[in-house]
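The block underneath contains the structure these notes are about, expressed in structure tokens.
Naming: A, B, ... by sequence-line order, numbering from 1 per chain.
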Number of protein chains: 2
Amino acid sequence: MPSKISLKSVLSGLRVLEIGHFVAAPFCTRLLADLGADVIKIEPPAGDPVRQWGEMVEGRSLWWSMHGRNKRSVVIDLKSEKGREIVLRLAAECDVVVENFRPGQLTRMGLGPDVLRKARPDLIVAHISGYGQDGPGAHRAAFGVIGEAIGGLRYLTNHAPGMIDLPPVRVGVSIGDSIAGLYAAFGLMTALWQRDRAGGDGQARTIDVALTESMLSMMEGMLPEYGALGKIKQPGGGGISTAAPSNAYPTADGEWVLIAANSEPLFAKLMALTGHPELIGAPGYSSNPERVANVEFLDRLIGEWTREFSADDLTTRLDENDIPNSKVYTAADCASDPQYLARGMVRDVPDRHFGKVLQAGVVPHIPESPGAVRWAGPDLGEHSREVLTEVLGLDPVEIEELKRDGVL
Amino acid sequence: MPSKISLKSVLSGLRVLEIGHFVAAPFCTRLLADLGADVIKIEPPAGDPVRQWGEMVEGRSLWWSMHGRNKRSVVIDLKSEKGREIVLRLAAECDVVVENFRPGQLTRMGLGPDVLRKARPDLIVAHISGYGQDGPGAHRAAFGVIGEAIGGLRYLTNHAPGMIDLPPVRVGVSIGDSIAGLYAAFGLMTALWQRDRAGGDGQARTIDVALTESMLSMMEGMLPEYGALGKIKQPGGGGISTAAPSNAYPTADGEWVLIAANSEPLFAKLMALTGHPELIGAPGYSSNPERVANVEFLDRLIGEWTREFSADDLTTRLDENDIPNSKVYTAADCASDPQYLARGMVRDVPDRHFGKVLQAGVVPHIPESPGAVRWAGPDLGEHSREVLTEVLGLDPVEIEELKRDGVL
């Protein structure tokens, strides 16, 4: 176990300027803010659209409470020359800028990397976009679902060809945006490490993250196997094309339970439990490749057995026999999972509007200096005055002038 | 666009010891190696199982060529006391250790964090596991598919309840493992930055990444909405529950094409194109919430239109009308995409066994010091001699002795 000494936040001392919206860039900066960075989020007077996304209570998005947490919200009208100047003065005081406009848009707004780096020569700039900052397709509209499809994920998230007449499903969250945001967080930390370490080079670098490429990089053997063999990786429905038995199986009460019993000892335990000991070591079932070849029969046989039990009974039986399994967790299951609760990964967070909000904890867990939810998603412009005073040293008269001019 | 100066690799000067196997830890270190870190991968005499996973040519896994790239493979028998000593001497020369055994296993092997930090007091240790290093459920068997289910992803990756009688599909790759690996890479970079920067604290830290928690952190409004409203987020099949029309639609040649036309101008363009201008601004279709309420009708109407065209014809028509769209890319589509090719994100990499292997490029792209594939996945133990000579200063006689004793 880790040593118990208590250290300061791992990202204390880091200041980040977010000029972002929607999911990818704000997700990136949430990760940084959760670990202690000072994230200053620039919002237009209308606010980030996510403030209006998903389920709302009294006009306020619950998702925002988590998506915006630990950040400082500063409203600046980027269309005004004075607003642009304020952003440049803020950039001068920041280590990193994270943005997710379409490629070139920031430059058209007079806030391109060259301009930003006049204000702060060693600035790390992280761009998140659909297809990357250059290349013939850079300027296409970037919708998350399209990026996931181009990354190869959507094709593989389906039942086997011919099984059903419905479209391949979307992963139920904007997984491509979040993964791109996580890649950006990783990338900008590498650039900061090389810039700031003893013996480092003190240099500015650009982190150019594409949603499509972030997905493609996770596609395992898909490209190598296609290149060498012409093999087009195919979707496998609920199973894994290279392992059996491993699938989600139906229960008497209409749920699904995952069972992963694709090693020899686990397969033997499962067959004993299902009342089919005759298949243990039998021809056609004595190795993983043989079982993969007979997976339809196996899955049907296992499914007939699982249908006899409720999900709770089934998981209890499987647990008693040390066979890896799990219910397919819904939000309710996640909220009551003892392991999540023990690790603070499901926690109530005070929120001034909602009283409290159930949120996911901070990932990764760093026991010597655990991340914290210092505050829930801020009101629009909640920190405008504080940031301009503390970071730029503006006085109340200057701030009032900017407000009067519609810049703030 | 980024400045064109050419800098050294962003992670040059970083040395990483991987004591990992399967997907999560090796994926983490691939990301580090791609950006220039010296990754020393300790393998048991039998090698990482991924060397035998997926499609093989002459007994060699194609996936391995990408999964193992840019790393140095050193074979050490960790069951031997001398092997353990060698690992501790290597750890003394490394900045980070990345491991993904079951929690506690490394300690039982005599290589727990406390022991490693006797060799290297400021060592960053990144643990990747199914459920985290502590808590009541830490020691359960960690299968990727089960972690994804507990993270809430599996439930949401499905058609709407009642639509079909098949299990919720698996995302076709081990997405949970890869995301956990990416979180670990991010986390360890934050710890390195705080340790090594001017004014940093020079401290060792532990990065404790759980597969389940990595998924849960990406579930957007799922927990906040459940906590406040008791609402259990539901899967939406091919669509998005909060936007319409946005789905994958069938083509005359049996493919699927994504169309995202859920803004007012895009919806108007699409309705004009499909021959239904009467729906533009019509009651029930004049706002996104109204269209979501009528999504089944809309999707059927759009699907009837898309079925008239081949995928290529359809995407051409949609492109001509500036409506965001894409084929659902297979491996073959990814391999020939002009944007990927222009950015080096699909590239042939020399491989001594296969001649060349088609691989995904380096993410994130850092134009000032782009990552490189310096070599494809190494042979088992290919760098044992080189690493022990260069890093530990062993001489040929000592190395021969270790080989004779079965340690290497």
- Turns out that what part of A:Ala138 lies under 4.5 Å from chain B's heavy atoms comes down to both

- Per-residue tally against chain A (heavy atom, under 4.5 Å) across B:Ile207, B:Asp34, B:Val209 peaks at B:Ile207

- Would you check if the side chain of B:Glu225 reaches a backbone N or O of A:Glu55 as a donor-acceptor pair within less than 3.5 Å? yes

- Heavy-atom distances under 4.5 Å only: say whether A:Arg195 touches chain B with side chain, backbone, both or neither. neither

- Item | Check: B:Thr212 and A:Met345 side chains under 4.5 Å, non-hydrogen atoms | no

- Query: Is it the side chain or the backbone of A:Ile146 that comes within 4.5 Å of chain B heavy atoms, both, or neither?
  - Reply: both

- Query: Given a strict heavy-atom distance threshold of 4.5 Å, which part of A:Ile240 is in contact with chain B: side chain, backbone, both, or neither?
  - Reply: both

- Scanning both residues in full, the closest heavy-atom pair of B:Ala342 with A:Pro136 reads CB-CD, 3.5 Å

- Which region of A:Ser65, side chain (C-beta onward) or backbone (N, CA, C, O), has a non-hydrogen atom less than 4.5 Å from a non-hydrogen atom of chain B, or is it both or neither? neither

- Turns out that what part of B:Leu188 lies under 4.5 Å from chain A's heavy atoms comes down to neither

- Message: Out of B:Gly237, B:Gly227, B:Ala360, return the one with the most heavy atom pairs under 4.5 angstrom to chain A.
- Response: B:Gly237

- chain A interface, residue from B:Trp63, B:Tyr249, B:Phe354 that has the most non-hydrogen pairs under 4.5 Å: B:Trp63

- Task: Keeping the roles fixed (side chain from B:Gln194, backbone from A:Ser12), state whether a donor-acceptor pair exists under 3.5 Å.
- Result: yes

- Might you point out which heavy atoms bring A:Pro367 and B:Thr206 nearest each other, and give the distance in Å? CD-O, 3.3 Å

- Contacting region of B:Pro168 [heavy-atom separation from chain A under 4.5 Å]: both

- Message: Is A:Leu166 close to chain B through its backbone or its side chain, or both, or neither, when contacts mean heavy atoms under 4.5 Å?
- Response: both

- Residue from B:Trp193, B:Phe143, B:Tyr155 scoring the most non-hydrogen pairs under 4.5 Å with chain A is B:Trp193

- Message: Please classify the contact of A:Asp322 with chain B as side chain, backbone, both or neither, using a heavy-atom distance under 4.5 Å.
- Response: neither

- Message: Any side-chain to backbone donor/acceptor pair from A:Arg197 onto B:Leu192? Under 3.5 Å, distance only.
- Response: no

- For each of A:Val357, A:Thr330, A:Leu216, tally heavy-atom pairs with chain B at distances under 4.5 Å, and name the one with the top tally. A:Leu216

- Message: Between A:Asp134 and B:Arg343, does any NZ, NE, NH1 or NH2 come within less than 4.0 Å of an OD or OE carboxylate oxygen?
- Response: yes

- Item | Heavy-atom contact with chain A under 4.5 Å, split by part of B:Pro235 | neither

- Largest heavy-atom contact set with chain A, pairs under 4.5 Å, which of B:Met163, B:His67, B:Lys233, B:Lys231: B:Lys231

- Examine whether an atom of A:Leu266 lies under 4.5 Å from a heavy atom of chain B, and if so say whether it belongs to the side chain, the backbone or both; otherwise answer neither. side chain

- Item | Donor-acceptor contact present, side-chain B:Tyr340 to main-chain A:Ile150, <3.5 Å | yes

- Item | Residue part contacting chain A, namely of B:Val145, when any heavy atom lies under 4.5 Å | both

- Query: Would you find a donor on one side and an acceptor on the other, under 3.5 Å apart, between the side chain of A:Gln359 and the backbone of B:Pro224?
  - Reply: no

- Query: Under 3.5 Å, is there a donor-acceptor pair between the side chain of A:Arg154 and the main chain of B:Gly238?
  - Reply: yes

- Query: Which bit of A:Leu31 is near chain B, if near means a heavy-atom gap under 4.5 Å: side chain, backbone, both or neither?
  - Reply: both

- Message: Under 4.5 Å from any heavy atom of chain B, what part of A:Ser61 do you find: side chain, backbone, both or neither?
- Response: neither

- Query: So, does B:Glu368 use its side chain to make a donor-acceptor pair with the main chain of A:Arg205 at under 3.5 Å?
  - Reply: no

- All heavy atoms of A:Ala149 vs all of B:Tyr329, minimum pair found to be O-CB, 3.1 Å

- Message: Can you confirm whether B:Leu62 sits close enough to A:Leu229 that some side-chain heavy atom of one is under 4.5 Å from a side-chain heavy atom of the other?
- Response: yes

- Task: Against chain B, label A:Val10 side chain, backbone, both or neither, depending on which of its atoms sit under 4.5 Å from a heavy atom there.
- Result: both

- Tightest non-hydrogen contact, residues B:Ala248 and A:Pro167, listed as O-CB, 3.4 Å

- Item | Heavy-atom proximity to chain A below 4.5 Å, by part of B:Met222 | both

- Query: Taking every heavy-atom pair that is under 4.5 Å apart, which of B:Val173, B:Thr157, B:Ile366, B:Asp299 has the most such pairs with chain A?
  - Reply: B:Val173

- Query: Of all heavy-atom pairs between A:Tyr183 and B:Phe27, which one has the smallest distance, and what is that distance?
  - Reply: OH-CZ, 3.5 Å

- Taking side chain as C-beta onward, heavy atoms only, is B:Met218 less than 4.5 Å from A:Ile175? yes

- Item | Contact winner vs chain B - A:Gly137, A:Gly199, A:Ser246, heavy-atom pairs under 4.5 Å | A:Gly137

- So with a 6.0 Å cut-off around NZ of B:Lys356, is the heavy-atom count from everything else above 12? no

